[in-house]
J.: 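Got a structure for you, questions after.
FYI, side chains are in, hydrogens and waters are out, and symmetry mates aren't considered; it's all heavy atoms of this structure. None of these values were measured; they are calculated from a predicted model.
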Amino acid sequence: MTSVFEEKNLPKAIMRVGLPAMLGQLTTLIYNIADTFFVSLTKEPATIAAVTLCAPILLIIMSIACIFGMGGSSVIARLLGEDKKKESGATMNFCAYAMAIAGVLTLILGLAFLQPLAKISGADADNMAYTCDYLKWIFIGAPFIMLANGFVHLFRSVGLIKESTAGLILGNAVNMVLDYVFIAILGWGTAGAALATSLGFLCATIYYILCMVREASRGNELVPWRPSGFSPNAPMVRSVISIGIPGALITVLMSVSNIVLNNYIGLYGSDAVASYGIAYKLDMIPILLSVGLSQGVAPLVGYYYGANRTKRMSDTVKHTALYGILLGAAFTAVFVLFGKPLASIFLQDSALIRQTGYFLTILCLSAPLLGIINMMTSYFQALGKAVKSLTITVLRNAVLFIPGVILLNRFWQLDGVIAAQPVVEAVLAVICILMYRRDIKAVRQARP
């Protein structure tokens with residue numbers, strides 16, 4: 001089969017890298033929804049609220065993996081475009097061991113500051129115990145959470161697209177099965193949900209390591225795994241970190257904005273947090289599919305940039321953004337029409353079902369815009385333009401979102417807090433288009 005990087009049919013190339021990534025994100029989404037479903041079986045809004053409050057902390061742990069996963073992926077794809085295979089393999093090896101070390105450090109620090117982190121997340125007297133139970137097992141699994149999430153990006157960058165997706169699916173499948181066992185059968189509640197998450201990532205990590213061993217035995221110089229291959233140098237580390245830290249800050253700032261949002265929603269009680277948590281989990285369907293599509297295409301964009309194929313790169317970005325817009329529009333229609341029936345899957349109380357359906361109707365209005373925003377973010381990451389990628393994130397989660405939540409809460413209370421997301425995404429989509437048009441013009445002039 002022709003390498004995906006050399007596939008002549010552009011829509012086919014986009015689908016070859018985008019669909020597996022979307023499938024992987026879809027299984028992540030199914031796991032998230034299943035997690036919420038099994039926790040909801042306790043019929044305690046406080047347990048659902050605890051899982052919602054812990055989500056930003058889990059995102060922060062994953063963001064540390066992004067330093068080496070997304071940073072390394074961007075560097076590797078561009079090196080392959082320049083036909084520098086040896087340097088690509090060395091970068092892959094460095095990123096793998098760096099993620100393992102970072103994971104152990106996160107485990108130690110997370111357990112040492114467990115309760116303060118729960119309070120910062122917005123936990124109150126009703127859900128503090130549930131929140132701490134969840135966070136304890138998440139931090140214990142931190143090394144595997146980081147490795148599994150980082151390998152997803154690294155494998156895609158070296159063309160191991162099927163393996164990247166298979167590991168993600170495996171981890172999430174194990175997670176869902178253990179959710180049922182630990183929560184529905186054993187009754188371990190939020191602790192069981194977190195333990196299932198960590199064990200799922202453990203299985204995914206083992207799978208990825210076995211894939212690396214197999215590829216190394218076949219002589220694939222892009223996937224060295226032995227410690228003897230750990231030979232970082234200053235330029236390599238700078239290249240990875242310069243892209244990876246802004247990439248990680250994207251998730252960190254998203255987590256910070258979610259913590260602020262959770263605290264404001266928490267002003268209206270655990271029921272409001274639970275309703276928002278379920279509405280947000282459902283809204284994650286178009287969000288994660290859009291992220292999967294744009295992240296899956298990113299190595300393709302980076303490869304074309306490294307190979308100086310500017311038109312091909314530009315066409316890839318435009319096609320992917322259009323696919324994302326159409327996908328988001330389809331989900332907006334579904335959520336507007338079927339918000340309440342979807343909410344009733346997780347809730348029994350009629351008032352909470354109405355409130356959740358209403359929240360979902362508001363949140364989903366931004367879904368079509370994600371095709372633009374996520375693709376532009378991935379575009380700048382793929383080209384190694386970390387500052388511009390970070391600019392989009394800072395605007396989204398700090399400059400626009402946090403003041404938006406505060407301001408809209410003042411005028412429209414809870415309705416205003418929920419409406420902050422679509423309002424911010426609409427403004428940001430326009431900014432992203434302007435940034436891309438200016439950047440692609442500069443690229444064409446520099447690389448005619």
Side-chain angles (χ1 to χ4, degrees), residues 19-44 47-59 61-62 65 130-131 133-152 155 162-208 210-211 274 277-289 291-292 331 341-348 356:
L19 285 178
M22 291 170 70
L23 177 61
Q25 292 291 344
L26 184 60
T27 62
T28 299
L29 172 67
I30 293 171
Y31 135 66
N32 274 304
I33 293 175
D35 208 35
T36 302
F37 172 75
F38 286 119
V39 170
S40 71
L41 294 178
T42 63
K43 298 182 180 180
E44 278 284 341
T47 61
I48 301 174
V51 174
T52 302
L53 294 172
C54 291
I57 301 295
L58 181 57
L59 281 175
I61 294 174
M62 292 179 177
Y130 297 123
T131 303
D133 282 345
Y134 192 93
L135 286 179
K136 179 179 72 174
W137 289 107
I138 287 297
F139 281 121
I140 289 173
F144 310 114
I145 293 172
M146 288 190 190
L147 284 166
N149 280 279
F151 279 138
V152 168
F155 272 44
K162 292 180 181 178
E163 290 83 352
S164 170
T165 303
L168 197 56
I169 293 174
L170 172 65
N172 288 322
V174 169
N175 200 331
M176 285 184 282
V177 172
L178 293 181
D179 264 340
Y180 173 74
V181 174
F182 293 161
I183 301 173
I185 297 178
L186 299 178
W188 291 353
T190 53
L195 178 57
T197 296
S198 293
L199 290 175
F201 282 120
L202 169 62
C203 291
T205 299
I206 293 172
Y207 169 80
Y208 287 130
L210 291 175
C211 286
I278 291 172
Y280 183 69
K281 286 289 175 69
L282 290 169
D283 191 48
M284 287 293 285
I285 298 174
I287 290 175
L288 288 179
L289 288 176
V291 168
F331 275 101
L342 289 169
S344 66
I345 297 173
F346 305 93
L347 298 165
Q348 290 78 42
T356 302

J.: Mind checking the CD1-CD1 spacing from Ile138 to Ile57? Nearest 0.5 Å is all I need.
T.: 10.5 Å
J.: Report, one line per pair, each donor and acceptor closer than 3.5 Å where one atom sits in a side chain of residues 190-197; sequence neighbours left out.
T.:
| unit_1 | atom_1 | unit_2 | atom_2 | d |
| --- | --- | --- | --- | --- |
| Thr190 | OG1 | Tyr130 | O | 3.1 |
| Thr197 | OG1 | Tyr31 | OH | 3.0 |
| Thr197 | OG1 | Ala193 | O | 3.0 |

J.: What distance do Trp188 atom CH2 and Asp133 atom CG have between them, rounded to the nearest 0.5 Å?
T.: 12.0 Å
J.: Just verifying a value: how many Å separate Ile61 CD1 and Ser198 OG, rounded to the nearest 0.5 Å?
T.: 8.0 Å
J.: How would you list, by chain and number, every residue that makes a ring-ring contact (aromatic ring centres under 6.0 Å, His included) with Phe155, sequence neighbours excluded?
T.: Phe151, Tyr208
J.: Tell me every residue that passes ring-ring contact (aromatic ring centres under 6.0 Å, His included) with Trp137, counting only those two or more places apart in sequence or in another chain.
T.: none
J.: Taking salt bridge (Lys or Arg N to Asp or Glu O under 4.0 Å) as the cut-off, I'd like each qualifying pair that reaches into residues 177-195, sequence neighbours left out, listed once.
T.: none
J.: What side-chain donor-acceptor pairs closer than 3.5 Å can you find for residues 163-172, not counting sequence neighbours?
T.:
| unit_1 | atom_1 | unit_2 | atom_2 | d |
| --- | --- | --- | --- | --- |
| Glu163 | OE2 | Arg214 | NH2 | 3.0 |
| Ser164 | OG | Val152 | O | 2.8 |
| Thr165 | OG1 | Pro20 | O | 3.0 |
| Thr165 | OG1 | Ile161 | O | 3.2 |
| Asn172 | ND2 | Thr27 | OG1 | 3.0 |
| Asn172 | ND2 | Thr28 | OG1 | 3.0 |
| Asn172 | ND2 | Leu168 | O | 3.1 |

J.: Find the distance between CG (Asn175) and CG (Leu202) and round it off to the nearest 0.5 Å.
T.: 11.5 Å
J.: According to side chain to side chain contact (heavy atoms under 4.5 Å, CB included), who are the partners of Ala184, at least two apart in sequence or on a separate chain?
T.: Phe38, Leu41, Tyr180
J.: Using the side-chain hydrogen bond (donor to acceptor under 3.5 Å, both in side chains) criterion, which residues pair with Thr205? Sequence neighbours excluded.
T.: none
J.: Quick one: list whatever passes side chain to side chain contact (heavy atoms under 4.5 Å, CB included) with Leu19, sequence neighbours left out.
T.: Met15, Met22
J.: Please report the closest heavy-atom contact between Ile183 and Gly189, naming both atoms and the distance.
T.: CG1-O, 3.6 Å
J.: Sequence neighbours excluded and cut-off under 3.5 Å, please list the side-chain donor-acceptor pairs for residues 141-148, or say none.
T.:
none

J.: List in chain and number order the residues that pass side-chain hydrogen bond (donor to acceptor under 3.5 Å, both in side chains) with Lys281, two or more places apart in sequence or in another chain; answer none if no residue qualifies.
T.: Thr36
J.: At their closest point, which heavy atom of Gly292 faces which heavy atom of Ala21, and how far apart are they?
T.: O-CB, 3.1 Å
J.: My understanding is that only residues two or more places apart in sequence, or in another chain, count here; which of them pass ring-ring contact (aromatic ring centres under 6.0 Å, His included) with Tyr207?
T.: none
J.: Is any side-chain heavy atom of Phe346 closer than 4.5 Å to one of Leu282?
T.: yes
